[in-house]
There are 2 protein chains.
Amino acid sequence: MSDRLIQSVARSLDILEQFSFTQTELSVKEISEGVKLSKSTVHGLIKTLSQRGYLEQNQENQKYKLGLRLFELGNVVAGNMEIRQIAAPIIAQLGETLQETVHLVIRDGNQAVYVEKRDGPGSIRMYSQYGKRAPLHCTGVGKAILAFLPEKVMEQILIESEMVAFTPKTLTDPEKIKEELSITRDRGYAIDDEEIELGLTCIAAPIFNHKKEVIASISCAGLKFRYLEESQEMRPQQVIQAAKEISRRLGWKE
Amino acid sequence: MSDRLIQSVARSLDILEQFSFTQTELSVKEISEGVKLSKSTVHGLIKTLSQRGYLEQNQENQKYKLGLRLFELGNVVAGNMEIRQIAAPIIAQLGETLQETVHLVIRDGNQAVYVEKRDGPGSIRMYSQYGKRAPLHCTGVGKAILAFLPEKVMEQILIESEMVAFTPKTLTDPEKIKEELSITRDRGYAIDDEEIELGLTCIAAPIFNHKKEVIASISCAGLKFRYLEESQEMRPQQVIQAAKEISRRLGWKE
DNA sequence: GAATGGCGTTCGACAATATCGAACAAAATG
DNA sequence: CATTTTGTTCGATATTGTCGAACGCCATTC
């Protein structure tokens with residue numbers, strides 16, 4: 001991909017990306033500071049985005065927020081996501097039998113994107129949101145993908161990823177991570193043992209497409225103390241079986 | 001809103017809008033024909049959108065489809081939509097008692113956008129999709145909104161809407177529609193009697209915000225013959241009550 | 001296996017157009 | 001009522017987006 005990118009388009013995307021679950025409304029000034037452009041430049045871009053429904057202005061405080069057109073397009077993407085439709089019933093089933101929160105993520109470059117879930121019972125729920133992104137090297141879902149990627153791709157991703165320690169248990173040394181991934185590959189499933197949040201454990205298994213490439217993974221996440229119970233021994237096998245079933249329906253053959 | 005819009009940004013949005021539920025993959029050629037621009041211009045825009053994850057290229061056939069970044073932003077919009085969170089449980093409840101498909105739409109200009117639903121039981125389901133848009137003047141949900149809008153706004157919308165007859169029962173004469181809306185206002189709920197699809201009937205009620213402005217509506221849609229049963233007499237009242245409850249939780253006071 | 005056609009992609013030159021600062025308007029603040 | 005802050009408009013400028021032409025790749029055809 002060459003580098004002759006359209007400046008104003010890239011800038012308009014920068015503007016959209018200023019918004020998030022926590023930053024839902026922004027003023028022109030805040031946006032212009034965020035993207036480091038003059039107010040007038042930003043204003044022109046914002047005006048274009050608003051007129052087309054990609055941004056909306058709150059008439060009470062003049063601030064802007066993301067518009068409904070994005071909701072619309074986002075749902076087109078969701079609707080076209082074959083794997084999501086295929087996986088949904090299997091994930092629901094798995095969540096039911098395990099009585100835990102189950103996630104489906106797909107790989108996008110060196111990140112994992114959450115595309116489907118099934119919340120577990122009880123008041124303690126994991127924070128998770130459709131479309132959320134997470135690093136590959138320190139999450140169960142991510143490791144399940146990394147471990148089965150071609151070695152060169154895996155190494156490239158580890159080089160590109162910035163290693164941030166979320167908890168004392170997060171692995172940040174690429175060599176240690178590679179060891180862990182090797183174990184994961186042999187075992188057939190990945191374990192996240194409080195690497196992203198203390199008290200949180202998860203088991204994840206890879207999903208393959210018809211070309212036998214890892215493209216996604218599912219995980220079963222829960223509080224650590226529950227995983228120590230003997231009745232949970234079969235859990236990894238159940239996650240693996242569910243992942244295999246999704247792979248199969250995607251055209252994968254053993 | 002003045003008209004000094006940024007051409008290249010508007011064009012990039014034109015490109016995104018070429019895609020839909022039915023048109024999920026497009027080639028550069030198809031896009032350039034769709035937006036009536038040279039291949040090279042389109043290519044530059046596409047390249048920018050792809051590099052940022054708003055489009056993705058299928059490596060097998062070179063075609064492009066909408067990217068995950070839109071899924072992400074679309075979910076931010078969904079997450080920020082207060083009314084959606086508030087209405088969801090009420091809609092689920094209503095669907096349960098009525099045993100029919102229930103929809104929540106919000107007004108966006110002169111269109112209705114479907115933002116939440118609860119599918120009815122049975123194999124016969126209405127085609128409906130999150131983010132889908134529909135005209136206001138010939139749908140139950142739309143008429144429930146139009147009828148309670150300030151007269152001038154309503155008239156403006158009728159002027160701007162192109163009147164397409166979806167079925168022989170669709171009203172296309174603005175005067176007839178105004179009469180119908182007047183009846184709707186007095187009755188407190190709207191009826192769509194096969195105006196958008198033959199065999200399909202629906203009952204819809206308006207939702208108001210804290211400023212007593214109509215901003216949305218809910219509907220209960222089902223096959224016509226079922227609505228003739230006597231047991232269904234209470235249905236309109238139940239839809240109205242649910243809509244009122246949503247309005248109340250949005251800060252509306254009678 | 002050379003020739004053809006179709007399509008995605010790159011390149012260079014030109015002029016259209018996006019950009020910025022400054023000025024204006026309109027609220028919010030004291 | 002003065003002052004500050006912030007959204008919006010305008011005009012001059014050169015940056016940057018645009019197009020046509022050409023390239024290269026793949027598949028199909030003869």
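Just so it is clear: chains get the letters A, B, ... in the order the sequence lines come, proteins before strands, and each one is counted from 1.
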Query - Rounded interatomic separation in angstrom, taking CG from Leu5(A) and P from dT16(D) - result: 13 Å
**Report entry** Side chain Ser219(B), main chain Ala204(B), donor-acceptor under 3.5 Å
**Finding:** no
**Report entry** Least distance between heavy atoms, Ser217(A) atom then Pro206(A) atom
**Finding:** CB-CA, 4.1 Å
**Report entry** For atom CG of Leu37(B) and atom P of dT17(C), their distance in whole Å
**Finding:** 11 Å
Report task. Take the protein atom CG of Leu49(A) and the nucleotide atom P of dT8(D), then report the distance between them rounded to whole Å. Result -> 13 Å
Query raised in the report: Which listed nucleotide (dG8(C), dG17(D), dC10(D)) is nearest to the side chain of Ser8(A)?
Result: dG17(D)
**Report entry** N or O in side chain of Ser40(B) less than 4.0 angstrom from dT10(C) OP1/OP2
**Finding:** no
Query - Ala88(A): partners by side-chain contact (heavy atoms from CB on, under 4.5 Å), with sequence neighbours left out - result: Glu116(A)
Query raised in the report: Should we count NZ of Lys65(A) as having more than 12 external heavy atoms under 6.0 Å?
Result: no
Report summary line: What residues 56-70 of chain A contributes to the DNA chain C interface at heavy-atom separation below 4.0 Å is none
Query - Shortest side-chain distance from Lys39(B), nucleotide among dG8(C), dT8(D), dT10(C) - result: dG8(C)
Requested in this report: Before accepting this row, confirm whether a basic side-chain N of the pair Arg248(B)/Glu245(B) lies closer than 4.0 Å to the acidic partner's carboxylate O.
Outcome: yes
Query - Test side-chain contact (heavy atoms from CB on, under 4.5 Å) applied to Arg133(B) - qualifying residues, sequence neighbours left out - result: Leu68(A), Arg69(A), Glu72(A), Asp108(B), Gln111(B), Val113(B)
Report summary line: To the nearest angstrom, the CD1-P distance between Ile46(B) and dT10(C) comes to 12 Å
Query raised in the report: Can you find a side chain N or O atom of Gln7(B) that sits less than 4.0 Å from OP1 or OP2 on dT18(D)?
Result: yes
Report task. Mind calculating the distance between CD (Glu25(A)) and P (dG7(D)) to the nearest angstrom? Result -> 12 Å
Report task. Rounded off to whole Å, could you give me the CD-to-P distance for the Gln51(A) and dT8(D) pair? Result -> 14 Å
Query raised in the report: Think Arg11(B) has a side-chain N or O under 4.0 angstrom from the OP1 or OP2 of dT18(D)?
Result: yes
Query raised in the report: How close or far is atom C1' of dG7(D) from atom CD of Glu30(A), stated in whole angstroms?
Result: 13 Å
Report task. Take atom NZ of Lys29(A) and atom C1' of dG7(D), then tell me their distance rounded to the nearest Å. Result -> 12 Å
Report task. Answer with yes or no whether Ser38(A) presents, from its side chain, a donor or acceptor under 3.5 Å of a partner atom in the base of dG21(C). Result -> no
Requested in this report: Check the angle between the aromatic planes of Phe71(A) and Tyr130(B) and answer parallel, tilted or perpendicular using the 30° and 60° thresholds.
Outcome: perpendicular
Report task. Would you mind telling me which of dT17(C), dT9(D), dG8(C) lies closest to the side-chain atoms of His43(A)? Result -> dT9(D)
